[in-house]
Engineer: 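First the structure, then my questions, so here it is.
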4 protein chains.
Amino acid sequence: MGMMQECIEACSAVSMTATMCADADAGEDMARCAAMCANMADVATTMMRMMMRPQGYDMGVMQGMMTACMTMGEACAAECRMHAEMAEHCRICAMACEAMVETCRRMMDSMQMA
Amino acid sequence: MGMMQECIEACSAVSMTATMCADADAGEDMARCAAMCANMADVATTMMRMMMRPQGYDMGVMQGMMTACMTMGEACAAECRMHAEMAEHCRICAMACEAMVETCRRMMDSMQMA
Amino acid sequence: MGMMQECIEACSAVSMTATMCADADAGEDMARCAAMCANMADVATTMMRMMMRPQGYDMGVMQGMMTACMTMGEACAAECRMHAEMAEHCRICAMACEAMVETCRRMMDSMQMA
Amino acid sequence: MGMMQECIEACSAVSMTATMCADADAGEDMARCAAMCANMADVATTMMRMMMRPQGYDMGVMQGMMTACMTMGEACAAECRMHAEMAEHCRICAMACEAMVETCRRMMDSMQMA
């Protein structure tokens with residue numbers, strides 16, 4: 001339960017950093033980063049909401065979405081990392097994505113053991 | 001491109017039927033169906049938006065999310081099917097989910113061939 | 001009821017055109033248009049979902065959100081109109097926003113008469 | 001800027017408490033509360049995202065959405081207050097809504113002075 005709380009907070013953080021990164025990107029001609037961050041924000045928001053609906057838990061559904069969220073997080077972090085030196089919002093978003101992927105991975109492990 | 005358009009429309013339909021089903025469920029003491037439909041609406045909306053952001057396409061990310069969307073669609077359809085005889089909104093939502101899963105499957109196939 | 005259906009469809013259309021416009025804008029150095037369209041897509045999606053939850057209807061809440069949606073629609077249309085000659089996605093988004101504002105206005109009128 | 005940060009956090013808190021309240025409500029035959037909380041979660045998420053997109057700021061749009069968010073917050077708090085004695089999630093959601101309304105009000109005041 002503490003692990004899910006941590007995971008919810010990591011998704012919430014990414015939903016914010018990615019929304020801000022997408023907004024800033026558009027003014028800096030970084031279209032791919034903007035689009036990936038917009039996707040990341042939507043995926044993180046959806047993942048977060050799913051964890052906050054215990055009445056609808058389904059192991060297969062959660063693992064599928066968690067996997068998608070981790071794949072998205074890795075791709076978004078990789079994209080943001082490329083501009084991290086010159087854009088602070090990209091550095092912050094990359095860090096939040098990496099932290100989220102790590103938290104999701106730990107939660108996946110604990111789900112599989114359960 | 002026509003296939004993606006079809007997939008976007010199927011996700012859009014599900015985002016509507018699932019939102020309406022969740023709303024109706026709550027008044028009929030179907031908590032699990034309500035929560036699954038709320039999840040389904042969020043997943044379908046996110047999937048739809050990702051397809052409408054070509055600047056951010058990434059094959060791995062799209063396949064991961066498409067897989068999650070299909071798993072969610074199958075689970076939501078199975079849940080809604082259980083009440084389809086007595087609740088029209090569940091019957092409609094189940095049908096929309098099944099149609100979406102089928103469209104996603106065809107799109108996944110064409111992505112893997114590409 | 002037919003009027004609300006029309007309004008739901010107008011919001012759905014805007015949620016799509018605005019998402020696509022925001023995506024395209026980012027690659028064309030139109031940061032303000034991208035951000036306004038991202039806002040518009042979120043507002044239209046929320047407005048649409050609220051109309052699909054009859055169990056939660058509240059006249060004051062609906063009018064407040066409808067007013068916000070119209071203000072957003074007018075601002076987004078005005079921004080997109082500025083680039084409509086050179087960018088097709090802006091022309092399409094402006095038209096969808098204007099149609100949505102008009103539909104919302106008719107629905108507001110009918111709500112006040114009811 | 002500190003005020004907007006506070007407002008973003010208040011909206012984020014409501015987007016969580018309202019999602020959880022809606023989920024729990026459905027199992028307790030509180031359909032109106034569930035629907036209002038689902039609306040509240042969507043409105044708060046949209047409001048929060050709009051504040052995180054400085055490139056798209058427009059005073060009229062922000063005030064319109066802020067007003068809608070406050071009206072929604074007051075209605076949701078009033079609904080949740082009715083069940084606050086018997087349902088902890090309603091008590092928590094009502095408190096988060098009230099805090100958000102208060103923060104939005106302060107931000108509206110500072111926007112009008114600016």
Side-chain angles (χ1 to χ4, degrees), chain B residues 1-2 4-31 33-58 61-62 65 76 80 87-90 92-93 96-97 100, chain C residues 1-2 4-31 33-58 61-62 65 76 80 87-90 92-93 96-97 100:
Chain B
M1 209 47 216
M4 191 176 288
Q5 184 57 35
E6 212 180 306
C7 203
I8 287 170
E9 277 161 28
C11 285
S12 171
V14 166
S15 76
M16 291 185 187
T17 60
T19 299
M20 287 185 284
C21 195
D23 183 67
D25 281 340
E28 288 158 355
D29 203 14
M30 295 195 285
C33 195
M36 282 211 141
C37 286
N39 285 343
M40 182 71 259
D42 286 348
V43 169
T45 300
T46 295
M47 181 79 261
M48 180 178 69
R49 286 175 162 214
M50 288 172 75
M51 285 188 281
M52 292 185 295
R53 291 179 185 130
Q55 309 254 23
Y57 279 161
D58 173 283
V61 168
M62 284 303 270
M65 191 62 197
C76 190
C80 281
E88 181 69 0
H89 54 83
C90 285
I92 292 169
C93 189
C97 286
M100 183 198 69
Chain C
M1 209 46 217
M4 191 177 287
Q5 184 56 37
E6 213 180 303
C7 202
I8 287 170
E9 277 160 28
C11 286
S12 172
V14 166
S15 76
M16 291 184 187
T17 61
T19 300
M20 288 184 284
C21 194
D23 184 66
D25 281 339
E28 289 158 356
D29 204 13
M30 295 195 284
C33 195
M36 281 211 142
C37 286
N39 284 344
M40 182 71 259
D42 286 348
V43 169
T45 300
T46 295
M47 181 79 261
M48 179 178 70
R49 286 176 163 215
M50 287 172 77
M51 285 188 280
M52 292 187 293
R53 292 180 184 130
Q55 310 254 22
Y57 280 162
D58 174 283
V61 168
M62 284 304 270
M65 190 62 197
C76 190
C80 283
E88 180 69 359
H89 54 84
C90 285
I92 292 169
C93 189
C97 286
M100 184 198 69

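Each chain gets a letter, A, B and so on, in the order its sequence line appears, and its residues count up from 1.
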Engineer: Return one line per donor-acceptor pair between chain B and chain C under 3.5 Å, naming both atoms and the distance rounded to 0.1 Å.
Structural biologist:
{"residue": "B/Asp23", "atom": "O", "partner": "C/Gln55", "partner atom": "NE2", "Å": "3.2"}
{"residue": "B/Asp23", "atom": "OD2", "partner": "C/Gln55", "partner atom": "N", "Å": "3.2"}
{"residue": "B/Asp42", "atom": "OD1", "partner": "C/Arg49", "partner atom": "NH1", "Å": "3.0"}
{"residue": "B/Asp42", "atom": "OD1", "partner": "C/Arg49", "partner atom": "NH2", "Å": "2.6"}
{"residue": "B/Arg49", "atom": "NH1", "partner": "C/Asp42", "partner atom": "OD1", "Å": "3.0"}
{"residue": "B/Arg49", "atom": "NH2", "partner": "C/Asp42", "partner atom": "OD1", "Å": "2.6"}
{"residue": "B/Gln55", "atom": "N", "partner": "C/Asp23", "partner atom": "OD2", "Å": "3.1"}
{"residue": "B/Gln55", "atom": "NE2", "partner": "C/Asp23", "partner atom": "O", "Å": "3.2"}

Engineer: Non-hydrogen atoms of chain C under 4.5 Å away: do they reach the side chain of B/Met51, the backbone, both or neither?
Structural biologist: neither

Engineer: With sequence neighbours excluded, what pairs up with B/Ala22 under the side chain to side chain contact (heavy atoms under 4.5 Å, CB included) test?
Structural biologist: B/Cys37

